[in-house]
Amino acid sequence: MKAIILIGAPGSGKGTTAEGIKAATGYIHVATGDMLREAVARGSSVGKAAESYMKQGTLVPDEVIIELVEERLDEGAPADCYMFDGFPRTQRQAELLDSSLEKRSGELANVFYLDAPRELVISRLTGRRTCRECGTIFHVVNIPPKKEGICDLCGGELYVRPDDKEDTIIRRLEVFHSQTGGLISYYEAKGVLARIDAAQPKEEIVGQAVSLMRAR
Ligand code: AMP
């Protein structure tokens, strides 16, 4: 088993980059935020435990996240290659991922830090539109759908995520800096971290990530 991680502030382009890397490499995209939104939509026990944190823009407790990820990995095969998007987000999650990989004889191959200035992430998040059906991400200015309010891929309805409101965005950025930012030096010390300038076009970002993956 092999794993890569995408770290970045909300709005740094993790989801969009992950779609590009998936198309180029076939890595399995594991986005805890998407999994939680599905759980909320289903009304499952995980969804009920997570919903209020997500609405406020704070982190869902580590135990809930770890269980979600472990269950997902248990479904996979030993040769699978995973791309984690939005996970880990705390030191504890990172350490538990280390032990989970060790238990499965897995290798953490790359960690990409999508480095984006604050004004950029705020403008990306305020203009973001997400497909309710397939989760594809659009932007009113940068990646407009062909038909307003409709997903190009599946025809689903595009909506503004409840946590993409201005005050929640500010809280999520604070949470990223206080609880997730420390992981950059954690992975730097392990020698697996690469910084990528997230202000570049998507194709550049994906291209750099994929060539770093191939170089390992
Ligand atoms: P995202 O789609 O990655 O921006 O995640 C949306 C929300 O889901 C976050 O603001 C958190 O409330 C929650 N969430 C997603 N992933 C995690 C995680 N690894 N740890 C804690 N909370 C998470």
Side-chain angles (χ1 to χ4, degrees), residues 3-19 21-22 29-42 44-73 82-101 108 111-114 116 118 120-139 158-184 186-187 198:
I4 65 162
I5 296 173
L6 300 180
I7 296 185
S12 58
K14 298 186 297 295
T16 311
T17 302
E19 285 165 17
I21 295 178
K22 182 179 169 190
H29 183 195
V30 178
T32 44
D34 290 347
M35 292 161 83
L36 291 169
R37 277 184 289 281
E38 278 161 27
V40 170
R42 274 203 314 275
S44 71
S45 57
V46 166
K48 290 198 175 94
E51 193 169 13
S52 64
Y53 299 98
M54 295 173 76
K55 261 203 188 112
Q56 289 169 44
T58 55
L59 294 186
V60 173
D62 288 337
E63 289 65 33
V64 176
I65 302 293
I66 302 295
E67 199 181 318
L68 202 66
V69 173
E70 280 292 317
E71 272 176 16
R72 180 65 193 78
L73 295 180
Y82 292 95
M83 168 170 44
F84 294 109
D85 157 3
F87 170 84
R89 261 174 151 106
T90 63
Q91 180 71 26
R92 176 131 188 276
Q93 291 179 21
E95 286 167 8
L96 286 163
L97 176 62
D98 286 345
S99 25
S100 182
L101 286 171
L108 178 59
V111 179
F112 298 118
Y113 168 43
L114 300 181
R118 186 181 168 87
L120 179 69
V121 299
I122 292 178
S123 83
R124 279 186 182 165
L125 291 174
T126 48
R128 177 156 78 178
R129 298 292 181 270
T130 305
C131 175
R132 213 181 268 288
E133 301 303 321
C134 73
T136 299
I137 300 155
F138 296 84
H139 186 280
L158 301 183
Y159 80 120
V160 178
R161 271 171 48 173
D163 55 351
D164 279 348
K165 308 269 154 60
E166 186 106 24
D167 51 343
T168 318
I169 289 172
I170 303 298
R171 165 115 23 83
R172 287 160 66 209
L173 289 174
E174 282 164 12
V175 166
F176 174 77
H177 291 295
S178 62
Q179 295 184 249
T180 311
L183 297 184
I184 296 162
Y186 180 75
Y187 288 120

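Along the sequence shown, residues are numbered consecutively beginning with 1. As the structure lists them, so they are numbered: ligands from 1, and atoms in each ligand from 1.
Contacts of Arg72 classified as salt bridge (charged side-chain N to carboxylate O under 4.0 Å, His left out), with partners at least two apart in sequence or in another chain: Glu75. With sequence neighbours excluded, the residues forming a salt bridge (charged side-chain N to carboxylate O under 4.0 Å, His left out) with Arg128 are Asp164, listed by chain and number.
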Would you give me the side-chain donor-acceptor pairs under 3.5 Å for residues 47-60, sequence neighbours excluded?
{"unit_1": "Lys48", "atom_1": "NZ", "unit_2": "Gly43", "atom_2": "O", "d": "2.9"}
{"unit_1": "Gln56", "atom_1": "NE2", "unit_2": "Ser52", "atom_2": "O", "d": "3.4"}
{"unit_1": "Thr58", "atom_1": "OG1", "unit_2": "Tyr53", "atom_2": "O", "d": "3.3"}

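Evaluated for a side chain to side chain contact (heavy atoms under 4.5 Å, CB included) with Ser12, the options Thr17, Leu125, Leu114, Leu120 yield exactly one hit, Leu114.
Around the NZ atom of Lys165, the shell of radius 6.0 Å holds more than 12 heavy atoms that belong to other residues, nucleotides or ligands.
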Below 3.5 Å only, please: the N or O atoms of ligand 1 paired with protein N or O atoms, distance on each line.
{"unit_1": "ligand 1", "atom_1": "2 (O)", "unit_2": "Arg37", "atom_2": "NH1", "d": "3.0"}
{"unit_1": "ligand 1", "atom_1": "2 (O)", "unit_2": "Arg37", "atom_2": "NH2", "d": "3.0"}
{"unit_1": "ligand 1", "atom_1": "2 (O)", "unit_2": "Arg161", "atom_2": "NH1", "d": "3.3"}
{"unit_1": "ligand 1", "atom_1": "2 (O)", "unit_2": "Arg161", "atom_2": "NH2", "d": "3.3"}
{"unit_1": "ligand 1", "atom_1": "3 (O)", "unit_2": "Arg89", "atom_2": "NH1", "d": "3.0"}
{"unit_1": "ligand 1", "atom_1": "3 (O)", "unit_2": "Arg89", "atom_2": "NH2", "d": "3.2"}
{"unit_1": "ligand 1", "atom_1": "4 (O)", "unit_2": "Arg89", "atom_2": "NH2", "d": "3.3"}
{"unit_1": "ligand 1", "atom_1": "4 (O)", "unit_2": "Arg161", "atom_2": "NH2", "d": "3.2"}
{"unit_1": "ligand 1", "atom_1": "12 (O)", "unit_2": "Thr58", "atom_2": "O", "d": "2.6"}
{"unit_1": "ligand 1", "atom_1": "16 (N)", "unit_2": "Thr32", "atom_2": "OG1", "d": "2.8"}
{"unit_1": "ligand 1", "atom_1": "16 (N)", "unit_2": "Gly86", "atom_2": "O", "d": "3.4"}
{"unit_1": "ligand 1", "atom_1": "16 (N)", "unit_2": "Arg89", "atom_2": "NH1", "d": "3.0"}
{"unit_1": "ligand 1", "atom_1": "19 (N)", "unit_2": "Gly86", "atom_2": "O", "d": "3.0"}
{"unit_1": "ligand 1", "atom_1": "19 (N)", "unit_2": "Gln93", "atom_2": "OE1", "d": "3.0"}
{"unit_1": "ligand 1", "atom_1": "20 (N)", "unit_2": "Gln93", "atom_2": "NE2", "d": "2.9"}
{"unit_1": "ligand 1", "atom_1": "22 (N)", "unit_2": "Val60", "atom_2": "N", "d": "3.1"}

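A 4.5 Å side-chain heavy-atom check between Phe87 and Val30 finds every atom pair outside the cut-off.
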